S.K.: 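To start, I am sharing the structure in question, which I have written as structure tokens.
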Amino acid sequence: MSERELTHLEVPCFVDFSEALAGREVVAQGVGPDLDLWLVALDGKRDDRMSFTPGGASFAKSHADAPQSYEVLRYPSPDAEPESILLPPERLNFHFVQPLPDGDLLLAGARCAYVDKDAHARNAVVYSRQGVARRELTLGDGIQDIQATGDGRLWVSYFDEGVLGNRGWGQGDIDSEPIGRSGLVQFDATGRRLSEFDPRAAGTDIIIDCYALNVASDDETWLYFYTDFPLVRLRDGAKPVTWKTPVAGASAMAVGATHVLFGGSYSARSQFELYVLHGRREKTLASAGTFVFVDPEGERWQPTWMRGRGPWLYGGEGTRAFRIDLDTLVASARVWH
């Protein structure tokens, strides 16, 4: 598709956190159930032998050689000063952050080594708002994303190494069976497994790599995964609903009652594809437009990370982040067409 055939939509900067960072590195981003943006900044240089990028090909060590200091920044709105939470020095490399009830925070690393059946490595820590570590959790190796519900449950998705096994997991015995073997697991706030994805109930193949997760509410979760890239809606007390999609390799999605927006794909990382959930045939998607997002200066957004939460899609490039809602996209598509 040529540039002229794309809908160009101005999307303003949600926050610019360059001043708050003061040259430091952002090592984790997350969107909470209240749609606030959370960042984890590293004081100093991360001691990774390899860097971790969700969906990428190289990943960090589970532990650094020396403790590292982190600051968590919360942005509830574009015009608000960020809330700052300082954490004590920690040996874990953090890649995910999520708020929990009563002011607690979950920070987690993507990697987790298998030790033995009674001594799994811990790759997540729950902190108080004062930066006090309350407890450590084991959420498994190969984590792709973590999104918490408003009542403190954790939906954790996994990439292929977390599903098939690595770092000691998947040795063929029950004790080393990967925690993320199903590709998507729900935990409570203490790390107790509550449920996991059932492909038979959804009428899909197994998850090899969960590319996108969207915990839209306390009782509704969406996922999109390799290899066939179906879109699946999970609702408490209801049968899973599955759509076939024409999009391969998207890294995030926003979902509403009538539409879904995919962010990026194998063929066009900085394009956004809008579909109607109810096409001419049941459980098919009907195209409603392809978009390019530009900032107020007319520069094209080329996000290096994206997250979907309900009908909102967040993305970031450098020290700037944007967010866009499905209502705005749907209105723009109607004007365009």
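Quick caveat, the model's predicted, so the values are computed rather than measured.
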S.K.: Is the Trp243 to Trp222 ring centre distance short of 6.0 Å?
M.R.: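 Here the rings of Trp222 and Trp243 have centres that are less than 6.0 Å from each other.
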S.K.: When you look at Gln271 and Ser265, which way does the side-chain hydrogen bond (donor to acceptor under 3.5 Å, both in side chains) test go after all the steps?
M.R.: CA-CA 8 Å; Gln271 291 181 16; Ser265 66; over 6 Å; no
S.K.: With the 4.5 Å side-chain cut-off for hydrophobic clustering, are Leu223 and Val241 part of the same group?
M.R.: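 No, Leu223 does not connect to Val241 through the hydrophobic network.
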S.K.: Do the two ring centres, one from Phe272 and one from Phe293, sit under 6.0 Å apart?
M.R.: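 Between Phe272 and Phe293, the centre distance is under 6.0 Å.
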S.K.: Working to the nearest 0.5 angstrom, can you tell me the gap between Asp219 CG and Asp151 CG?
M.R.: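 Answer for the CG-CG pair, Asp219 versus Asp151, is 9.5 Å.
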S.K.: Identify whether the distance between the nearest side-chain nitrogen and carboxylate oxygen of Arg307 and Asp145 falls below 4.0 Å.
M.R.: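 The answer is yes: the pair qualifies as a salt bridge.
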S.K.: Side-chain heavy atoms under 4.5 angstrom apart, residues restricted to Ile, Leu, Val, Met, Phe, Trp, Tyr: same cluster for Ile146 and Trp155?
M.R.: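 No, separate clusters.
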S.K.: Salt bridge or not between Arg111 and Asp141? Use side-chain N to carboxylate O under 4.0 Å.
M.R.: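 So Arg111 pairs with Asp141 through a salt bridge.
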S.K.: Is the closest basic N to carboxylate O distance between Asp295 and Arg320 below 4.0 Å?
M.R.: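 Result for this pair is yes, salt bridge flagged.
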S.K.: Salt bridge check, Asp104 against Arg129: does any charged N sit closer than 4.0 Å to a carboxylate O?
M.R.: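 Salt bridge flag = no for Asp104 with Arg129.
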S.K.: Are Leu154 and Phe197 connected into the same hydrophobic cluster when the rule is that any two of I, L, V, M, F, W, Y join if their side-chain heavy atoms are below 4.5 Å apart?
M.R.: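 Phe197 does not cluster with Leu154.
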S.K.: Find the distance between CG (Leu92) and CG (Leu87) and round it off to the nearest 0.5 Å.
M.R.: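 So the gap between those two atoms works out to 11.5 Å.
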S.K.: Leu184, Leu194: one ILVMFWY side-chain cluster at the under-4.5 Å cut-off?
M.R.: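 They do not share one cluster, since no chain of ILVMFWY contacts under 4.5 Å joins Leu184 to Leu194.
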S.K.: Any carboxylate oxygen within less than 4.0 angstrom of a Lys/Arg side-chain nitrogen, looking at Asp325 and Arg323?
M.R.: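 Judged by the 4.0 Å cut-off on N to carboxylate O distance, Asp325 and Arg323 do not form a salt bridge.
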S.K.: Between Pro230 and Thr204, which heavy-atom pair has the shortest distance, and what is it?
M.R.: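 Of all heavy-atom pairs spanning Pro230 and Thr204, the closest is CG-CG2, 4.2 Å.
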S.K.: To the nearest 0.5 Å, what is the distance between CG on Leu213 and OG1 on Thr221?
M.R.: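 With rounding to 0.5 Å, CG (Leu213) is 6.5 Å from OG1 (Thr221).
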S.K.: Does Trp169 have Arg181 sitting over its ring (NZ/CZ under 6.0 Å from centre, angle to axis within 45°)?
M.R.: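 The answer is no, since Arg181 fails at least one limit relative to Trp169.
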S.K.: Ignoring hydrogens, what is the shortest heavy-atom contact between Val255 and Leu326? Give both atom names and the distance.
M.R.: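 For Val255 and Leu326, the tightest heavy-atom pair comes out as C-CD1, 3.4 Å.
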S.K.: Spell out, yes or no, whether Val156 and Leu100 are grouped together once hydrophobic residues are joined by side-chain heavy atoms under 4.5 Å, including indirect joins.
M.R.: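 Linked within one cluster.
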S.K.: Taking atom OH of Tyr226 as the centre, does the number of heavy atoms from other residues, nucleotides or ligands within less than 6.0 Å exceed 12?
M.R.: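 Counting other residues, nucleotides and ligands, OH of Tyr226 stays at 12 neighbours or fewer.
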S.K.: Of all the heavy-atom pairs spanning Arg91 and Ala66, show the shortest one and how long it is.
M.R.: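 Of all heavy-atom pairs spanning Arg91 and Ala66, the closest is NH1-CA, 3.9 Å.
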S.K.: Determine whether more than 12 heavy atoms belonging to other residues, nucleotides or ligands lie under 6.0 Å from atom CG of Asp102.
M.R.: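 At most 12 heavy atoms, drawn from other residues, nucleotides or ligands, come within 6.0 Å of this atom.
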S.K.: Does Tyr211 have its ring centroid less than 6.0 Å away from the ring centroid of Phe159?
M.R.: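 That pair fails the under 6.0 Å test.
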S.K.: Could you pull out the closest heavy-atom pair between Ala254 and Asn214, with the gap in Å?
M.R.: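 Answer, listing the atom of Ala254 first, then Asn214: CA-ND2, 3.8 Å.
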S.K.: Between Arg24 and Asp43 (salt bridge meaning N to carboxylate O under 4.0 Å), is one present in this structure?
M.R.: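 Result for this pair is yes, salt bridge flagged.
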S.K.: Would you name the heavy atoms of Ala41 and Leu21 that are closest together and state the gap between them?
M.R.: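 Residues Ala41 and Leu21, closest heavy atoms: CB-CD2, 3.7 Å.
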S.K.: Evaluate side-chain hydrogen bond (donor to acceptor under 3.5 Å, both in side chains) for Glu90 paired with Tyr127, printing each intermediate quantity in order.
M.R.: CA-CA 12 Å; Glu90 173 60 65; Tyr127 292 95; 3.2 Å; yes
S.K.: Looking at His259 versus Tyr275, is the centre-to-centre ring distance below 6.0 Å?
M.R.: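 No.
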S.K.: Measuring centre to centre across the rings, with the benzene-like ring taken for any Trp, is Phe262 within less than 6.0 Å of Tyr224?
M.R.: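 Yes, close enough.
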S.K.: Where is the tightest heavy-atom contact between Val125 and Ala133, given as atom of each residue plus distance?
M.R.: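 Answer, listing the atom of Val125 first, then Ala133: CG1-CB, 4.0 Å.
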